[in-house]
**Student:** 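Following this message is one structure expressed as structure tokens.
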Amino acid sequence: MSEVPPANPSGAVPTPTLLAAFPGPAIRLDSAHAVAAANAAADELLCAGGRWLADIQGWLAMCSVAPGLRSLPVELPRGVMIVEWAATPLPDGEILLLGRDATLERQLRQTLIESRRRYKDLVEVSSDFAWETGSDGRFVFVTPKGALGYTSDALIGRNPKDLAVAEWGDLPLPFDSRRPVDQAELWLKRVDDLPACFVVSAVPLFGPQGEWMGARGVCRETTEQVLRSAELARVRNREKMLAHIVHTLRDQLDAQKALHVAAVETARALGADGCRIYRATETGALRPAADFAAEIPEELLSDLLRPVLEEIAGSEDPHELTLGANRLLAARTEHRQAVNGAVVIWRGDDSDPWDDEDRMLLSGVADHIGIAHAHLAYQERLRRLSERDGLTGLFNRRTFFERLDEVLGRPDTGPSALLYVDLDNFKAVNDLHGHQQGDAVLKAIGGLLTNGVRPGDLPGRLGGDEFVLWLGRTDEGQAVAVAERLLAGMAALRHLSASPDKPLGLSIGIAVHRVGRETVQELTDRADSAMYDAKKRGKGHYAVAPVSMETAVVADPMAEASP
């Protein structure tokens, strides 16, 4: 018969039974905190050794009341085990330690903490601020660092619509979206009212009954990238338009026509109502060279613009001004650091003002028009060299007869006259005073033929001391008057004569053109013959070429009917 255990009047479970029945490690410590008894699970921990038991004993020694709970790691062959110990006082100063394996719980907690920390770090790294709105559409959470220059506290409870730029109007915002939003662009106002661009991703929040409870999302600022992209797009567009204008200028062989095309393309590229290109004359004054406009404003045609053009020529940067009802933007043109013109564009004063993009594009256009001006000047110089006599500036022999043939070939050609002019006693000037004095004489004769002639008249030098002057819309009497003026003008050139007995003079032959009845060569031969007739009279005279009998008969059909 087994021994009957002593009675337990309190009904408490005996300590040995509790140790054996406890599912986890259980230890009974005596009053000196030494191990008095342990179950199998505790024996495994005790056999593993380590400082965990000493840490518990030190912990218990410092506690004057019920110690409570303490978690300690225990290194086992299968790995580290986290044991949470509960200490319960027993009679006679003993202590009962009951342990619980908290390894999985600790790992889950640590994993959750790390996950939250990772999520927080990723959100902060990948966005400028995270947010959450409540069912009233107001912020209930904003990243602690705040946003848009506001602190987090300043944004909590605020309606996000207050932060939207005015242009956004009443458009829906991601903050109150009822469906997921992915990478949507949004413009908000900073605390200083400057606009800022954000890329927003958000998800709506719904309650158990499907009711909308707010939204949650992140915002990443892209203002700098957007502005940089916009600037890059503007630069590319500016380069594209400028390249088009440059190609237009280069593709036109006629520089004057190229300037007109450039005026058209410049006005179109800059959205201007019109464009006027000015070119510098030899004196430096700016004169219109090309226009594009349905109607050129009176302000651009008047003398009031002259001081303005001088101001434009003196400014390195594009010049903006208002004239009458027009808003002007102008830039000077240069070639090799010399101002050679200006470009002026205009819009109505009710249009948008000129911006930096307009100024930069006009500056680029002006640079290339400056080159076009130089090219035009070079073409004109080549044309002058090919068309003009290098000494007198008069048309040379080839150009004179080409022009004369062209003029006389027109069906509407009226009466005209050709003056064939030969210098008297010119050879003596070269023989006595040299060719430099002779060149001075020829230049003076060129000036004499040029001064007083009308637009459309053709003065020319055939070579040596022979000159010609074609006078359009002229009869015999008017031609004679011009010849007399030329002879009188020689008085001012007598000081260039070789000697008093050999004075400079002119012998002039006049031939009135018979319209439709003679060629240029025949007209020239008659004028040349008349010039020799004048010389026979003693030099310093003029003679008019007679009309042949054949021509006279044709000119007066009644002559044949005379008795």
**Student:** Glu334 vs Arg332, test: salt bridge (Lys or Arg N to Asp or Glu O under 4.0 Å). Steps then yes/no.
**Tutor:** CA-CA 7 Å; Glu334 298 177 88; Arg332 72 183 188 187; 3.5 Å; yes
**Student:** Check the pair Glu406, Arg403 against salt bridge (Lys or Arg N to Asp or Glu O under 4.0 Å), reporting the backbone distance first and the verdict last.
**Tutor:** CA-CA 5 Å; Glu406 178 184 348; Arg403 296 286 183 91; 5.1 Å; no
**Student:** Would you name the heavy atoms of Thr133 and Pro160 that are closest together and state the gap between them?
**Tutor:**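 Taking every non-hydrogen atom into account, CG2-CG, 4.1 Å.
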**Student:** Determine whether a donor-acceptor pair (N or O, by modelled atom type, separation under 3.5 Å) exists between the side chain of Asn159 and the backbone of Asp162.
**Tutor:**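 Absent.
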**Student:** If only side-chain N and O atoms count, and only distance matters, is there a donor-acceptor pair under 3.5 Å linking Ser135 with Trp212?
**Tutor:** no
**Student:** Quick check: closest heavy atoms across Val343 and Ala366, and the distance to 0.1 Å?
**Tutor:**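 Looking at all heavy atoms of both residues, the closest pair is CG2-CA, 4.3 Å.
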**Student:** Supply the atom-to-atom distance Phe141 CZ to Trp131 CH2, rounded to the nearest 0.5 angstrom.
**Tutor:**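 One gets 11.5 Å once the value is rounded to the nearest 0.5 Å.
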**Student:** Return the minimal non-hydrogen interatomic distance between Gly341 and Leu286, and the atom names on each side.
**Tutor:** CA-CD2, 3.7 Å
**Student:** Once rounded to the nearest 0.5 Å, what's the spacing between atom CG of Asp317 and atom CE of Met360?
**Tutor:**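 So the CG of Asp317 and the CE of Met360 are separated by 11.5 Å.
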**Student:** Distance under 6.0 Å and angle within 45° of the ring axis: does Arg327 meet both against Trp346?
**Tutor:**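 So Arg327 doesn't make the cation-pi contact.
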**Student:** Could you measure the distance from the CD1 atom of Ile508 to the CG atom of Leu469? Nearest 0.5 Å is fine.
**Tutor:** 9.0 Å
**Student:** Does Arg461 qualify as a cation-pi partner of Phe400, given the criterion of NZ or CZ under 6.0 Å from the six-membered ring centre and within 45 degrees of its axis?
**Tutor:** no
**Student:** Are any non-hydrogen side-chain atoms of Pro204 and Pro180 less than 4.5 angstrom apart?
**Tutor:** yes
**Student:** If you compare all heavy atoms of Arg220 against all heavy atoms of Gln183, which two are closest, and at what distance to 0.1 Å?
**Tutor:** NH2-OE1, 3.8 Å
**Student:** Atom CZ of residue position Arg178 - does it have more than 12 heavy atoms of other residues, nucleotides or ligands inside 6.0 Å?
**Tutor:**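 Yes.
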**Student:** Where do Arg359 and Glu320 land on the salt bridge (Lys or Arg N to Asp or Glu O under 4.0 Å) test, with the steps shown first?
**Tutor:** CA-CA 9 Å; Arg359 296 182 185 90; Glu320 187 174 351; 2.7 Å; yes
**Student:** How far does OG1 of Thr333 sit from CD1 of Ile371, to the nearest 0.5 angstrom?
**Tutor:**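 It comes to 10.5 Å.
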**Student:** Check step by step if side-chain contact (heavy atoms from CB on, under 4.5 Å) holds for Ile445 and Thr392.
**Tutor:** CA-CA 8 Å; Ile445 298 301; Thr392 64; over 6 Å; no
**Student:** Do the side chain of Gln478 and the main chain of Asp475 share a donor and acceptor less than 3.5 angstrom apart?
**Tutor:**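 Yes; judged by distance alone, with no hydrogens or angles, the pair exists.
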**Student:** Search all heavy atoms of Thr281 against all heavy atoms of Arg287 and return the closest pair with its distance.
**Tutor:** CG2-CG, 3.5 Å
**Student:** I would like to know whether His319 and Leu328 meet side-chain contact (heavy atoms from CB on, under 4.5 Å); could you show each step before the answer?
**Tutor:** CA-CA 8 Å; His319 194 76; Leu328 274 65; over 6 Å; no
**Student:** Taking the side chain as every heavy atom from C-beta outward, state whether Leu188 and Leu186 have any atom pair closer than 4.5 Å.
**Tutor:** yes
**Student:** Compare all side-chain heavy atoms of Leu408 with those of Trp470 and state whether any distance is below 4.5 angstrom.
**Tutor:** yes
**Student:** Please confirm whether the backbone N or O of Leu448 pairs with a side-chain atom of Asn451, one donor and one acceptor, at under 3.5 Å?
**Tutor:** no
**Student:** Kindly indicate whether the side chain of Leu163, heavy atoms from C-beta on, has any atom under 4.5 Å from the side chain of Tyr150.
**Tutor:** yes
**Student:** Ion pair present between Arg517 and Glu522, side-chain N to carboxylate O less than 4.0 angstrom?
**Tutor:** no
**Student:** Report yes or no: do Thr223 and Glu221 form a side-chain donor-acceptor pair below 3.5 Å?
**Tutor:** yes
**Student:** Hey, is the main chain of Val512 close enough, under 3.5 Å, to the side chain of Arg526 for a donor-acceptor pair?
**Tutor:** yes
**Student:** In Å and rounded to the nearest 0.5 Å, what is the CZ to CZ distance from Arg381 to Arg388?
**Tutor:** 15.5 Å
**Student:** Would you please test His373 and Ile277 for side-chain contact (heavy atoms from CB on, under 4.5 Å) and show each step?
**Tutor:** CA-CA 10 Å; His373 281 328; Ile277 297 176; 3.6 Å; yes
**Student:** Closer than 3.5 angstrom, by distance alone: can the side chain of Glu211 be matched with the main-chain N or O of Gln209 as a donor-acceptor pair?
**Tutor:**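 Yes, because the side chain of Glu211 sits within donor-acceptor range (under 3.5 Å) of the backbone of Gln209.
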**Student:** Between Leu362 and Leu270, does a side-chain contact (heavy atoms from CB on, under 4.5 Å) hold up when you go through it step by step?
**Tutor:** CA-CA 8 Å; Leu362 187 63; Leu270 285 157; 4.0 Å; yes
**Student:** Look only at the side chain of Thr151 and the backbone of Ala154, and say whether a donor-acceptor pair between them is shorter than 3.5 Å.
**Tutor:** yes
**Student:** Over all heavy atoms of both residues, which pair between Cys275 and Ala267 is shortest? Give the atoms and the distance, please.
**Tutor:**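 Minimum heavy-atom separation between Cys275 and Ala267: CB-CB, 4.0 Å.
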**Student:** For the side chain of Asn340 and the backbone of Gly370, is there at least one donor-acceptor N/O pair under 3.5 Å apart?
**Tutor:**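 Checking the backbone N and O of Gly370 against the side chain of Asn340, a donor-acceptor pair under 3.5 Å is found.
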**Student:** Does one side chain, of Arg454 or Thr474, offer a donor that lies under 3.5 Å from an acceptor on the other?
**Tutor:**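 Distance-only check passes for Arg454 and Thr474.
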**Student:** With a sphere of 6.0 Å drawn around CZ of Phe206, does it hold more than 12 non-hydrogen atoms of other residues, nucleotides or ligands?
**Tutor:**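 Above 12, so yes.
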**Student:** Evaluate the criterion salt bridge (Lys or Arg N to Asp or Glu O under 4.0 Å) for residue pair Asp358 and Arg347; output intermediate values, then yes/no.
**Tutor:** CA-CA 12 Å; Asp358 297 327; Arg347 295 174 181 161; 3.6 Å; yes
**Student:** Hey, does Leu205 have a side-chain heavy atom less than 4.5 Å from the side chain of Glu132?
**Tutor:** yes
**Student:** Distance check, rounded to the nearest 0.5 Å: Phe395 atom CZ versus Glu402 atom CD?
**Tutor:**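 Answer for the CZ-CD pair, Phe395 versus Glu402, is 11.0 Å.
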**Student:** Between Lys161 and Asp176, is any pair of side-chain heavy atoms under 4.5 Å apart?
**Tutor:** yes
**Student:** Please identify each residue that fulfils ring-ring contact (aromatic ring centres under 6.0 Å, His included) with Phe198, with sequence neighbours left out.
**Tutor:** Phe129
**Student:** Is the closest side-chain heavy-atom distance between Asp465 and Asp422 below 4.5 Å?
**Tutor:**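 Yes, side chains in contact.
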**Student:** Is the backbone of Gly348 close enough, under 3.5 Å, to the side chain of Ser351 for a donor and an acceptor to pair up by distance?
**Tutor:**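 The answer is yes, because a donor-acceptor pair under 3.5 Å joins these two groups.
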**Student:** Could you check if a side-chain atom of Phe467 sits within less than 4.5 angstrom of a side-chain atom of Leu442, using non-hydrogen atoms only?
**Tutor:**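 They are in side-chain contact.
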**Student:** Among Leu506, Leu487, Leu462, Ile510, find the residue that satisfies the side-chain contact (heavy atoms from CB on, under 4.5 Å) test when tested with Val421.
**Tutor:**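 Only one of Leu506, Leu487, Leu462, Ile510 forms a side-chain contact (heavy atoms from CB on, under 4.5 Å) with Val421, namely Leu506.
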